[in-house]
Protein chains: 2
Amino acid sequence: MATTLGYAILGLLAREALSGYDVTQRMKESVGFFWGAGHSQIYPELARLEEGGLVAHSVVEQRERPDKKVFEITPAGIDALGEWVMQPPPRRPTKDELTLKAYSVWLVDGGEAARLFREEGRRYEEQLARYEQIRGWMEEEWADDIGRPETPRFASYATLRRGILYERGNAEWCRWLADAVEGKPEGV
Amino acid sequence: MATTLGYAILGLLAREALSGYDVTQRMKESVGFFWGAGHSQIYPELARLEEGGLVAHSVVEQRERPDKKVFEITPAGIDALGEWVMQPPPRRPTKDELTLKAYSVWLVDGGEAARLFREEGRRYEEQLARYEQIRGWMEEEWADDIGRPETPRFASYATLRRGILYERGNAEWCRWLADAVEGKPEGV
DNA sequence: AAACTATATGTCAAGAGTGACATATAGAAA
DNA sequence: TTTCTATATGTCACTCTTGACATATAGTTT
């Protein structure tokens, strides 16, 4: 019924009612860790979801800000989201531009390549540190819900753990590659 | 100058001259581990690369098969590829449909979710096993080149290591999540 | 004889995604 | 006073990507 972006939005609205602007913000933080979209994709997609009866909006008038449309997920939306969750996702090729660059790294100077991959590794480590911090916070503040798979907090925690493994793997690989192109032997 | 797909193709042609059909096959194996494209994207992209002077083709007549166009990278193509490698890639959001499903996993039955994530975990483990096998083969057969960052074999080995960390992280996470939605405590 | 597979090269329509353009309110900063 | 930032919603053109359609040779299988 909906597109993948549609299900990403439904995943947010299943937690709380949001305006298109709010959805756009969430796409830069929480959900943004594993899916992405700009507002130019989000507003039309919300309209399509409403057309399909998966969400409904009401206008909220504001005094100190422009009025906004707040979207709520419908029972049909909850059903559609739950059914989509259980379908095994199609196996699409991972597209990783940094790995693609590594594939041609043999053409360039080792020292310069080391600089690039060390810098990229730093970025992954920074993101990893942010994730680890959020994880610590969640494990303290959400201690009870994290053990309950039927809560949205458990699901958020699960996706965070995925992000941590991802960033850690990337950071580790960048470090290894930077060392290797500089001629340092493995494990030093 | 070229698109990311263009650089993926140049990365292949920097190793050996290939027909469009060959490039398509490589996109399902080696390069396909971190980039993807069907032939309907590859043929027009090869034409664009040729227009830009980055590749050149010659027609090879065959008796038992249809004739083919074999593409070679030009010196300008090598230069463009090397320059692109050194540019830090734009930070695009990781798009992982399985993680997106995990974000809404709290809506569905724990037992059914466990089945899904265990099955997906198996797929990652299978891919990991394939990669580990290739790694073992490379470390035996390519032992000398793997220590030389200026060889294409080193670069291929580097991307394989990235793939191993990726699949391992995914498999580990799927196992953890399947256990968690079934109510099993951490580390059992 | 017909169907299927592998090789080989292309086009086309539709959908997904990006970045720029466009407009509006209101507070805060320069 | 002007500019900047945050909130708020939208469109548009362009590019990227996917999947189907299209054609052709030659060997293998049914």
Side-chain angles (χ1 to χ4, degrees), chain A residues 1-9 12 17-29 31-32 34-52 55 57-71 89-97 100, chain B residues 1-9 12 17-29 31-32 34-52 55 57-71 89-97 100:
Chain A
M1 186 108 194
T3 63
T4 309
L5 172 60
Y7 291 114
I9 296 173
L12 284 165
L18 296 169
S19 69
Y21 185 85
D22 294 331
V23 171
T24 306
Q25 298 312 109
R26 298 293 189 291
M27 282 285 174
K28 290 175 194 159
E29 320 147 18
V31 190
F34 45 90
W35 205 263
H39 77 276
S40 65
Q41 247 190 308
I42 289 164
Y43 287 111
E45 186 62 35
L46 279 167
R48 255 173 266 137
L49 290 171
E50 184 150 47
E51 222 183 328
V55 306
H57 86 266
S58 53
V59 176
V60 173
E61 282 166 44
Q62 295 182 118
R63 277 169 212 171
E64 314 205 338
R65 301 192 186 300
D67 296 352
K68 61 178 175 180
K69 292 184 185 178
V70 174
F71 288 86
R91 233 125 262 291
R92 289 228 176 68
T94 317
K95 287 194 175 179
D96 189 310
E97 200 166 332
L100 191 60
Chain B
M1 186 112 195
T3 63
T4 308
L5 172 60
Y7 291 114
I9 295 172
L12 284 166
L18 297 168
S19 69
Y21 186 84
D22 295 331
V23 170
T24 307
Q25 298 311 111
R26 298 292 189 290
M27 282 284 173
K28 291 175 193 158
E29 320 147 18
V31 191
F34 45 90
W35 205 263
H39 77 277
S40 64
Q41 247 190 307
I42 289 163
Y43 287 111
E45 185 62 34
L46 279 166
R48 256 173 267 136
L49 291 171
E50 185 150 46
E51 222 183 327
V55 306
H57 85 267
S58 53
V59 176
V60 173
E61 283 167 41
Q62 295 181 118
R63 276 168 212 172
E64 313 205 338
R65 300 191 186 298
D67 296 353
K68 63 179 174 180
K69 291 185 184 176
V70 173
F71 289 85
R91 231 125 266 290
R92 290 227 175 70
T94 316
K95 287 194 176 179
D96 189 310
E97 200 167 331
L100 190 61

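None of these values were measured; they are calculated from a predicted model. Values below: every heavy atom of this structure, side chains too, minus hydrogens, waters and symmetry copies.
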Gap between atoms [atom1] and [atom2], on [X] and [N] respectively (whole Å):
{"X": "B/Tyr21", "N": "D/dA26", "atom1": "OH", "atom2": "C1'", "value": "13 Å"}
{"X": "B/Ile9", "N": "D/dC16", "atom1": "CD1", "atom2": "P", "value": "12 Å"}
{"X": "A/His39", "N": "D/dC12", "atom1": "NE2", "atom2": "C1'", "value": "11 Å"}
{"X": "A/Gln41", "N": "D/dC16", "atom1": "CD", "atom2": "P", "value": "15 Å"}
{"X": "A/Arg91", "N": "D/dT18", "atom1": "CZ", "atom2": "P", "value": "15 Å"}
{"X": "B/Gln62", "N": "D/dA26", "atom1": "CD", "atom2": "P", "value": "11 Å"}

- prompt: Of all residues at least two apart in sequence or in a different chain, which pass the salt bridge (charged side-chain N to carboxylate O under 4.0 Å, His left out) check with B/Asp96?
  reply: A/Arg162

statement: Comparing B/Gln25 with A/Ala37, nearest DNA chain C nucleotide closer to 5' gives the residue B/Gln25

statement: Walking DNA chain C from its 5' end, the first of B/Pro66 and A/Pro66 to be reached, judged by nearest nucleotide, is B/Pro66

Please set out all donor-acceptor pairs under 3.5 angstrom arising from side-chain atoms of residues 57-65 of chain A, sequence neighbours excluded.
{"residue": "A/His57", "atom": "ND1", "partner": "A/Glu50", "partner atom": "OE1", "Å": "2.8"}
{"residue": "A/His57", "atom": "ND1", "partner": "A/Glu50", "partner atom": "OE2", "Å": "3.1"}
{"residue": "A/Gln62", "atom": "NE2", "partner": "A/Pro66", "partner atom": "O", "Å": "2.7"}

message: What range of DNA chain C does chain A touch, first nucleotide to last, counting atoms under 4.0 Å from its heavy atoms?
response: C/dA16 to C/dA26

query: Nearest nucleotide by nearest heavy atom, which residue falls closer to the 5' end of DNA chain D, A/Pro44 or A/Lys68?
result: A/Lys68

- line: DNA chain D nearest-nucleotide lookup for B/Arg48 and B/Ser40: closer to the 5′ end is B/Arg48

query: Any Lys/Arg nitrogen of B/Glu45 or B/Arg48 sitting under 4.0 Å from an Asp/Glu carboxylate oxygen of the other?
result: yes

- prompt: Looking for any heavy atom pair under 4.0 Å, which part of the strands does A/Gly38 touch: base, sugar-phosphate only, or nothing?
  reply: nothing

message: Mind checking if B/Thr3 touches a base, just sugar-phosphate, or nothing, with heavy atoms under 4.0 Å?
response: sugar-phosphate

With a 4.5 Å heavy-atom cut-off, do [X] and [Y] have their side chains touching?
{"X": "B/Thr94", "Y": "A/Phe34", "value": "no"}
{"X": "B/Phe71", "Y": "B/Leu49", "value": "no"}
{"X": "A/Tyr43", "Y": "A/Tyr21", "value": "yes"}
{"X": "B/Met27", "Y": "B/Leu5", "value": "yes"}

